Engineer: 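Let me begin by handing over the structure; questions about it come next.
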Amino acid sequence: MGSSGAWTGWGLLDYKTEKYVMTKNWRVGALQRLLQLGVLVYMVGWALLAKKGYQEQDLDPQVSVITKLKGVSVTQIKELGNRLWDVADFVKPPQAPSIPLANCWSDEDCPEGETGTHSHGIKTGQCVIFNGTHRTCEIWGWCPVESDTVPVKPLLVQAENFTLFIKNTVTFSKFNFSKSNALETWDATYFKRCRYDPRFSPYCPVFRIGDLVAMAGGVFEDLALLGGAVGIHVHWDCDLDAVGSDCRPHYSFQLQERSYNFRTATHWREASGLEARSLLKLYGIRFDILVTGRAGKFGLIPTTITLGTGAAWLGVITFCCDLLLLYVDGEAHFYWSTKYEEAKAPKRTANPEQTGGFPTPTSSCPGALEGARHLPPLLLLGAGRCQQGGPDTHSLAHS
C-alpha cells in the first residue's frame, strides 16, 4: 500500500486524455490559421509541385558524350607560311607547359642524366657559361628552345563560325530509361541546318563557336588570341509521370579561364639523317562538358513521407499555440484550469431501504407513483398536482 501510494502521489499512475476546449481568443486563433495556411502552401506548392515530393528520384545518371568540331581555316605563320587548318589540325590534346631552370656553379651541380620537371632536356654533366654573369647546366635537348613570344593577333579568327556538335546520352538505370539529346526527326538535313538558340531552337545540339563563347560571357577575339576555357553544362530534368516522358536537356555556359595554351610537335628526319621536329605552341579554346540530371517517378513511400511531414508541422503549430495560450496570454491561468481538469470517479451511495432513509412516498392518485418511479429524482420532488378531487397535495414538493 505504501509503495502504491508513493507512485500515486507522484502522478505516475495517472492517465491523461485529451480534452478539447473552444476558446474565444481571436489572436491565437488568427495565428494558428495563418501558420496552417503557410504549411499548406509549402506542402502543395513547394514540396509536392515544385520539388515533386511524390516521386522517387534517380540523381546519378550514366552519361556518354561525343563531340565533333567542323570547320576549315587558312593561317599565315612566318615559320610555316600559308597553312590550311582542318579538324585534324586544330583539335589537339592538351599537354603541360615547361619552364627552364638550370643555374649552376660547377660540374658537380649538374649530375649527368638528371632530368627536371621544368627542364628542356637531360643534363650532360657539364656546367657551361651562359653569359657574362650566369652559368647553366648543359642539356641534351631540342634546339632551338621554345620562344616565349606572345601572339599579337589571333590566327584562327575564322574559327568563330566553326560548329560544335555535342551528342549526349543519359541512362537512368533505376527506372530503366535512356534518352539522347539528338532529336528524333525524319529530316536527314536537320542537323546540318539547325543551330542552337535558347529561344527559338533550345534543343538543337549544334553550337556555333562564336555564339557559344558569347553566351558564356566572353569575347571570341580575346579567347582566340590567348586561349581560354568554356564550360558547357547539360542538365536533364525528366518527369517520367508525364505523357511521353517529358525529358529534355537544358544547356548553360560559363567562362572558366581567359588564357589557355598547349604544345604539340611533328617529327621527321632530314636528308642528313638528323632527327628534327616542328614545335607548335597553340593558343586555343578548351570546352569542358559537364552532364548532370535527375529523373522522377511516382512512388508511394516518398508521397507518404511528404504528407507525414506536413501533418507533423500542423501538430507543431497546435503545440506552439497551446504554449502561447497557457503560458503567455494574459488569461493563461483561466485557460490552464479549464483545459486541465482533475476527474475522480463518483462514490457509490447506499440503498435507502438499507439505511432507513426517506419513506416511500404514497399518493392517492392512481398511477402517479408508478409514473414517478420512472422520472429522475429532481422531477420526482417536483411532482405536479393531483386532479382527483379534494385539496391539492404539495407535501412532496415542499418536503
Side-chain angles (χ1 to χ4, degrees), residues 11 14-61 63 170-179 181 198-199 202-203 233-252 254 290-343:
D14 294 342
Y15 172 74
K16 296 180 180 180
T17 184
E18 293 185 0
K19 178 181 180 180
Y20 295 95
V21 179
M22 184 66 68
T23 60
K24 301 298 183 179
N25 191 316
W26 68 269
R27 293 184 298 272
V28 178
L31 177 63
Q32 182 189 29
R33 294 295 179 253
L34 288 176
L35 294 177
Q36 289 176 344
L37 180 61
V39 169
L40 291 178
V41 171
Y42 165 78
M43 288 297 302
V44 177
W46 178 256
L48 291 178
L49 297 181
K51 291 300 182 180
K52 295 181 174 60
Y54 58 90
Q55 290 183 338
E56 294 185 14
Q57 303 285 331
D58 188 352
L59 304 177
D60 188 19
V63 178
V170 293
T171 301
F172 297 96
S173 56
K174 185 175 183 178
F175 304 115
N176 194 23
F177 178 81
S178 181
K179 186 74 173 181
N181 68 332
R199 290 188 57 189
Y203 304 118
H233 184 199
V234 185
H235 180 70
W236 293 80
D237 190 1
C238 302
D239 185 3
L240 303 185
D241 292 327
V243 179
S245 299
D246 183 17
C247 189
R248 297 290 180 86
H250 301 276
Y251 301 94
S252 60
Q254 182 180 8
L290 174 65
V291 181
T292 59
R294 61 164 296 278
K297 194 173 184 178
F298 175 79
L300 182 60
I301 294 179
T303 303
T304 304
I305 293 176
T306 303
L307 295 179
T309 303
W313 278 111
L314 293 177
V316 171
I317 292 175
T318 302
F319 175 75
C320 293
C321 291
D322 281 348
L323 292 181
L324 293 176
L325 193 67
L326 299 176
Y327 295 97
V328 180
D329 192 84
E331 300 179 359
H333 178 73
F334 168 75
Y335 293 125
W336 178 279
S337 60
T338 305
K339 179 176 176 62
Y340 297 100
E341 179 181 357
E342 182 178 356

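Position 1 is the first residue of the sequence, and the numbers go up from there. Computed over heavy atoms, backbone and side chain alike; hydrogens, waters and symmetry mates excluded. Nothing here was measured: the structure is a model prediction, and the numbers come from that model.
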Engineer: Of all the heavy-atom pairs spanning Val234 and Pro249, show the shortest one and how long it is.
Structural biologist: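 Smallest interatomic distance, heavy atoms only, reads CG1-CB, 3.9 Å.
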
Engineer: Might you point out which heavy atoms bring Asp239 and Gln55 nearest each other, and give the distance in Å?
Structural biologist: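 Asp239 and Gln55 have their closest heavy atoms at OD1-NE2, 2.7 Å.
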
Engineer: State whether a side-chain donor-acceptor pair under 3.5 Å links Asn25 with Glu331.
Structural biologist: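 Side-chain D/A pair, Asn25 to Glu331: absent.
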
Engineer: Return each pair, listed once, that meets side-chain hydrogen bond (donor to acceptor under 3.5 Å, both in side chains) where at least one residue sits in residues 32-53; pairs must be two or more places apart or across chains.
Structural biologist: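 Every pair satisfying side-chain hydrogen bond (donor to acceptor under 3.5 Å, both in side chains) with a residue in residues 32-53: Arg33-Gln36.
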
Engineer: Are any of the side-chain heavy atoms of Lys179 and Trp236 separated by less than 4.5 Å?
Structural biologist: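 Yes, side chains in contact.
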
Engineer: Could you measure the distance from the OG1 atom of Thr292 to the CG atom of Leu290? Nearest 0.5 Å is fine.
Structural biologist: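 One finds 5.5 Å between OG1 of Thr292 and CG of Leu290.
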
Engineer: State whether Arg294 and Asp237 are salt-bridged, where the test is any N-O pair (Lys NZ or Arg NE/NH1/NH2 against Asp/Glu carboxylate O) under 4.0 Å.
Structural biologist: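 Here Arg294 pairs with Asp237 in a salt bridge, since their nearest N and O are under 4.0 Å apart.
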
Engineer: Give a yes-or-no answer on whether the side chains of His235 and Ser252 include a donor-acceptor pair shorter than 3.5 Å.
Structural biologist: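 On atom types as modelled, these side chains do not qualify, holding no pair under 3.5 Å.
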
Engineer: Counting C-beta onward and ignoring hydrogens, is there a side-chain heavy-atom pair between Gln254 and His233 closer than 4.5 Å?
Structural biologist: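 No; the side chains remain at least 4.5 Å from each other.
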
Engineer: Looking at every heavy atom in both Pro61 and Phe172, which two are closest together, and how far apart are they?
Structural biologist: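 Reported closest heavy-atom pair: CB-CE2, 3.5 Å.
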
Engineer: Take a 6.0 Å sphere around CZ of Phe334 and say whether it holds more than 12 heavy atoms from other residues, nucleotides or ligands.
Structural biologist: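 12 or below, so no.
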
Engineer: Considering all heavy atoms of both residues, which atom of Leu48 and which atom of Tyr54 are nearest to each other, and what is their separation?
Structural biologist: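 Heavy-atom minimum between the residues: O-CE2, 3.1 Å.
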
Engineer: Enumerate donor-acceptor pairs with a distance under 3.5 Å from any side-chain N or O in residues 310-328 to protein atoms, sequence neighbours excluded.
Structural biologist:
{"from": "Thr318", "atom 1": "OG1", "to": "Leu314", "atom 2": "O", "distance (Å)": "3.3"}

Engineer: Sequence neighbours left out, what passes salt bridge (charged side-chain N to carboxylate O under 4.0 Å, His left out) with Arg27? Give chain and number order.
Structural biologist: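 By the salt bridge (charged side-chain N to carboxylate O under 4.0 Å, His left out) rule, Arg27 matches Asp329.
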
Engineer: Which heavy atom of Ala295 sits nearest to which heavy atom of Phe175, and what is that distance?
Structural biologist: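 Looking at all heavy atoms of both residues, the closest pair is O-CE1, 3.5 Å.
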
Engineer: Let me see the working for Thr171 and Phe177 under side-chain contact (heavy atoms from CB on, under 4.5 Å), right down to the final yes or no.
Structural biologist: CA-CA 6 Å; Thr171 301; Phe177 178 81; over 6 Å; no

Engineer: Look at the aromatic rings of His250 and Tyr203 and report parallel, tilted or perpendicular, splitting at 30° and 60°.
Structural biologist: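 Aromatic pair His250/Tyr203 classed perpendicular.
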
Engineer: If only atom types and distance count, is the side chain of Asp241 paired as donor or acceptor with the main-chain N or O of Lys297 below 3.5 Å?
Structural biologist: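 Judged by distance alone, no pair lies under 3.5 Å.
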
